[in-house]
Amino acid sequence: MKKQQQQSATTRFRSFKTRIARGSTKELLIEKALFVSGISSILIVFFIVAFLVKESLPALALGRVFLLGMRWSPGHNQFGILPTIISTFVVGLGALAIAAAVGIPTAVYLAEFAPPWLRNVIKPCVDLLVGIPSVILGFFGLMVFVPFIRDHFGGCGESILAGWLILSIMTLPHVISISEDAIRGVPTAYREASLALGATDLVTIRLLILPNARSGILASLILGMGNAIGETMAVLMVIGNPHIPWIPHSVLEPVRVLTSTIVLEYSYMVWGSMHQHALFAIGVVLFVIVAVLNIATTAVLRERTTTVIKGAVRG
Amino acid sequence: MKTGVIKAILCAISLISVVVLLGVVFYILMAGARVVSPGFLFRSPDYINFEEGGIFPQIVGSLYLLAVSLLFAVPLGVASGIYLAEYAPRNIVTMCTRLFVECLAGIPSVVIGLFGLTFFVYYLGFGPSVLSGGLSLGIMILPWTVRASEEAIKSVPSTYRAASLALGASKWQTIRLVVLKSAYPGMITGILLGAGKAIGEAAIVLLTTGGLATFLPHSLFDDVGSLPVYIYLVLTVIPASREIGEAYAFGASLVLIGIFLCISIFALLLRNRYIKRLRGE
Amino acid sequence: MGLIETEDLSVLYGDVPAIKRVNIEIEANKITAVIGPSGCGKTTFLRALNRMNELNGARTDGKVLIDGENIYNGNTDVNMLRRRVGMVFQQPNPFPMSIFDNVAYGPRIHGIRNNKLKRIVEESLRKAALWEEVHDRLDSSALMLSGGQQQRLCIARALAVNPEIILFDEPCSALDPISTARIEALLRELKKDYTIVIVTHNMQQAARVSDYTAFFLMGELIEFDETTRIFERPKDKRTEDYITGRFG
Ligand SMILES: Nc1ncnc2c1ncn2[C@@H]1O[C@H](COP(=O)(O)OP(=O)(O)O)[C@@H](O)[C@H]1O
Ligand SMILES: [Mg+2]
């Protein structure tokens, strides 16, 4: 009886062996197909870079004249983008400063003090607005901030200030959402230990929680900076875009940024002209700036994970 | 005492930021509601008698573009996510893949638009069309779909895999029947958030489609209108009086924000349910 | 000749061996208990028998013969092997699906459908002594069951693919005493049809249910014999120390 059972088991085992070969070929094919999809991102990035560089090479070859040139005037074959780069950073950094000044306290409040019901109302609202269409923000800025600035501060209203306000509204949800997650990610055990030692809420936050959440907050800011610099529509609609870009002296002046230059001029560039090459070269510059900021974010986040792991090992 | 003051300040700042954020949405909703009517929703734009026009082709065009972008990005992204989460060995190729996914996610949309303009519109000869715009948008949201899939798959407890393999299921059977089944709400959430980005994206669509179309595209190679581009153009390029341009921009913004909020709310609800389920509630 | 035989079986995580040169013969239709202090390699040994160790990147040396065939030779199909050698884990791990789908999962993979599938599900649930409790709610989620029920569901799920050998890795460690007693009764029942290897850190459990007991210490098989002998007249001093609770 037992023998018989074992017998049948053995034949079952054997009979499957012949079937396997086919099965594993299928598995192998699936794995290969998934691998190809997996590396598609690499191919796409290569494609993008290759086409951008190819189209912008003549302008990039201008070197300093392009990157450090002071005048941009396609009609006169002048393609210097320094004022535009400076304006881009002025607009991006200012917006980020506002977003940080408002967003981080909000994140602290939401994570540490807000009653649960309030947090449960506010956090989803903020999350919902993370991807709000930027063209709508630009339009809102055009309708609300621009007239307000014109009427109360002078100038034409379309200005760096308007850009700051709109971009900070755009980055605010990112900053709040990611920072809040980072703050809440600090283990409760730390918090309790500190409170048990008699530290007040505020001391605990300042000495323990913020330092521990620092890299998360920092990452949210760098990410926000990348978004602000790469943003097109929202800025384009409120910063005025003077025909000839210059380095601004006041926040009420209209300026031109890298992204808006591309969108405003692509439609009348002559394909194959230096103008076209210069516009693509602006694309390359944008790509590089944002890539550097992203690498910085990744590095900051990685540093956090390693410290957390080290901490865990030590603890 | 001091604590109370600081708490009050923090509370005030949070209220300000939330009020501002919600204020933007309400402002658009209120102003848009005055413009939107059935006629506005279901007529084509009329660039001569502007008051006679509507935004029907723009609404449908936006949905077409979204559909093409999802058809491109979802299969590719999900397959990539599965590969990265389940198969990828720890080697240089995998590291590069992750790096490039991050890199792609960071590329400013206007740069992707430039690429679409050169590659799809001119080089491949698709012209300004549904296909060019949709594929460019697809490239933009690809990293979102990859990340969403990878993360959702990784959050599936490994005990499920072990149990399935111990029953004699092959690796692919395990992935298909157990892992994806548990991971799909998370994946859909991520994909929907990507869709919300795609529907609101103006720069890419502006560069890769004509945007002024007053008719519906008949094929993938026809020009197509879209809401974000319409909002931009109606304020700047299209010859209409400023007031009418603004009114129509409000109407289109209302519709756009409506679609965006629907997608996002659905995504967030799905995410909350998913998180609850993961916690076993 | 035993149904399962190992020859110099070693499993290494990196360079560190978790079990070293284990030679054992496990008989068909018996319950063999594996005992030993935590970290001594019980789980590793068990998972070597259906090649689950490969999943955490462990290296295996030596042979495991089942029905005289080395499961580590190149042409063994692991999926077939795991179908023959089922496994129940320490933590109950039902899939997040209905009770029915959980049990039907294995047979479906192997191409069984419709009425035959329903029959197998019912049979397996009956064998796992769960049918009475769940037959009227087969469509509700498996996660709604209690821990003990979940573990019996996992047993039913393992039975549904009709294995010959079932490996249990501390199946009761997450359960209350009543559920534990039910599962032990179930094990005795199952022994008629299946060969069972059970890891447990609970010596009373080993004594209660098993026919043979293997004692592991620091990756080595110290002693293997009939359970009564191991518990009454252990040959090795270390076994005696462990059983009398002098360490561990
Ligand atoms: N995935 C793994 N990676 C590295 N080492 C492991 C792994 N699993 C188990 N080990 C090591 O192997 C040894 C035996 O573990 P295990 O078989 O789980 O013991 P037991 O089940 O008897 O408690 C332990 O020292 C453990 O640290
Ligand atoms: Mg164990």
Side-chain angles (χ1 to χ4, degrees), chain A residues 23 27 30-31 33-35 37-42 44-45 47-48 51-52 55 102-103 105-106 108-110 113 122 124-129 131-137 139-140 142-144 169 172-173 176 200-202 226 230 232-233 259 262-263 266 280 283 286-287 290-291 294 298, chain B residues 3 6-7 10-11 13-14 16-18 20-22 24 27-28 76 79-80 82-84 87-88 96-97 100-104 106-111 114-115 118-119 139 142-143 146 170-172 193 196-197 200 202-203 206-207 228 231-232 235 246 249 253 256-257 260-261 264-265 268:
Chain A
E27 293 273 320
I30 288 171
E31 184 172 346
L34 291 173
F35 172 72
S37 325
I39 58 169
S40 64
S41 298
I42 300 186
I44 289 174
V45 173
F47 253 99
I48 293 178
F51 270 83
L52 276 184
E55 293 296 331
V102 180
T106 304
V108 170
Y109 180 75
L110 287 183
F113 299 118
I122 293 180
C125 286
V126 171
D127 282 344
L128 211 54
L129 294 177
I132 192 168
S134 59
V135 68
I136 289 181
L137 289 178
F139 179 42
F140 175 83
L142 189 64
M143 299 308 294
V144 177
I169 290 182
L172 195 54
I176 296 176
T200 63
D201 284 357
L202 289 177
T232 312
M233 287 337 248
T259 52
I262 295 176
V263 169
Y266 90 97
F280 277 78
L286 266 174
F287 182 101
V290 175
N294 280 327
T298 321
Chain B
T3 316
I6 293 182
K7 273 187 195 170
L10 287 177
C11 179
I13 294 178
S14 358
I16 291 173
S17 56
V18 173
V20 169
L21 288 175
L22 293 182
V24 175
Y27 178 81
I28 299 287
L76 202 56
S80 296
I82 295 174
Y83 179 75
L84 286 175
Y87 289 91
C96 278
T97 309
F100 276 80
V101 169
E102 293 308 309
C103 181
L104 193 54
I107 296 181
S109 59
V110 69
V111 174
L114 275 182
F115 169 73
T118 0
F119 188 63
I139 290 180
L142 178 63
V146 176
S170 70
K171 183 158 184 176
W172 175 243
L193 292 176
K197 266 180 79 73
L206 184 65
L207 265 63
I231 294 169
Y232 171 64
L235 290 166
E246 280 168 7
S253 298
L256 179 57
I257 222 172
F260 169 77
L261 286 179
S264 308
I265 289 174
L268 292 183

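Chain A is the first sequence line, chain B the second, and so forth, proteins listed ahead of strands; every chain is numbered from 1. What you see is a predicted model, and the numbers here were worked out from it, not measured in a lab.
When every heavy atom of B:Ser170 is checked against every heavy atom of A:Glu27, the shortest pair comes out as OG-OE2, 2.6 Å. Residue A:Val290 comes nearest to B:Pro108 through the heavy atom pair CG2-CG, 3.7 Å, listed as atom of the first residue, atom of the second, then distance. The minimum heavy-atom distance between B:Ile107 and A:Ile48, with the atom names listed, is CD1-CD1, 4.1 Å. Closest of all the heavy-atom pairs between B:Tyr27 and A:Met143 is OH-CB, 3.5 Å. Taking every heavy atom of both residues into account, A:Gly38 and B:Tyr83 meet most closely at CA-CD2, 4.3 Å.
Contact annotation for A:Leu128: both backbone and side-chain heavy atoms come within less than 4.5 Å of a heavy atom of chain B. Heavy atoms closer than 4.5 Å to chain A are found nowhere in B:Ile16, neither backbone nor side chain. Only the side chain of A:Tyr266 has a heavy atom closer than 4.5 Å to any heavy atom of chain B. Of the atoms belonging to A:Phe280, heavy atoms from both backbone and side chain fall under 4.5 Å from chain B. Proximity to chain B involves both the backbone and the side chain of A:Leu286, based on heavy atoms less than 4.5 angstrom apart. Looking at B:Val24, both its backbone and its side chain come within 4.5 Å of chain A, counting heavy atoms on both sides. For B:Phe260, the part sitting under 4.5 Å from any heavy atom of chain A is the side chain, from C-beta outward, and nothing else. For chain B, the nearby parts of A:Val102 are the backbone and the side chain; heavy atoms of each come within less than 4.5 Å. Contact annotation for A:Ile262: only side-chain heavy atoms (C-beta onward) come within less than 4.5 Å of a heavy atom of chain B. Looking at A:Ile132, the atoms closer than 4.5 Å to chain B (heavy atoms on both sides) sit in the backbone and in the side chain alike. Contact annotation for A:Ile42: both backbone and side-chain heavy atoms come within less than 4.5 Å of a heavy atom of chain B. Proximity to chain A (any heavy atom under 4.5 Å) is shown, for B:Val110, by both the backbone and the side chain.
For A:Pro105, the side chain to side chain contact (heavy atoms under 4.5 Å, CB included) partners two or more places apart in sequence, or in a different chain, are B:Leu10, B:Ile13. The side chain to side chain contact (heavy atoms under 4.5 Å, CB included) search around A:Asp127 returns A:Lys123, A:Ser177, B:Leu268, B:Arg271, not counting sequence neighbours.
Considering only heavy atoms from C-beta on, A:Phe139 comes within 4.5 Å of B:Ile28 through its side chain. You'll find the side chain of A:Cys125 stays beyond 4.5 Å of the side chain of B:Leu21, heavy atoms only. Side-chain contact check for A:Phe47 versus B:Ile139: every heavy-atom pair is 4.5 Å or farther apart. Looking at heavy atoms from C-beta onward, A:Ser40 lies in side-chain contact with B:Ser80 at the 4.5 angstrom threshold. Contact check for B:Leu256 versus A:Val135: side-chain heavy atoms found under the 4.5 Å cut-off. You'll find the side chain of B:Ser109 reaches within 4.5 Å of the side chain of A:Thr232, heavy atoms only.
By number of non-hydrogen pairs under 4.5 angstrom with chain A, the leading residue of B:Val20, B:Leu84, B:Ile265 is B:Ile265. With chain B as the partner, the residue from A:Thr259, A:Val263, A:Ile30, A:Asn294 showing the most heavy-atom pairs under 4.5 Å is A:Ile30. Listed options A:Leu129, A:Val108, A:Leu137 were ranked by heavy-atom pairs under 4.5 angstrom with chain B; first place goes to A:Leu129. When each of B:Leu114, B:Leu76, B:Leu193, B:Thr97 is checked for heavy-atom pairs under 4.5 Å with chain A, B:Leu114 comes out on top. By number of non-hydrogen pairs under 4.5 angstrom with chain A, the leading residue of B:Val111, B:Ile82, B:Val101 is B:Val111. With chain A as the partner, the residue from B:Val146, B:Leu261, B:Ile231 showing the most heavy-atom pairs under 4.5 Å is B:Ile231.
Atoms CD1 and OG, from A:Ile122 and B:Ser17 in turn, are 7.5 Å apart once rounded to the nearest 0.5 Å. Rounded to the nearest 0.5 Å, atoms CD1 (B:Ile257) and CD1 (A:Ile136) are 4.0 Å apart. With rounding to the nearest 0.5 Å, the separation of CG in A:Leu142 from CD in B:Glu246 is 7.0 Å. The line from OH of B:Tyr87 to CZ of A:Phe35 is 13.5 Å long, rounded to the nearest 0.5 Å.
Side-chain atoms of A:Glu55 and B:Thr118 form no donor-acceptor pair, as typed in the model, at a separation below 3.5 Å.
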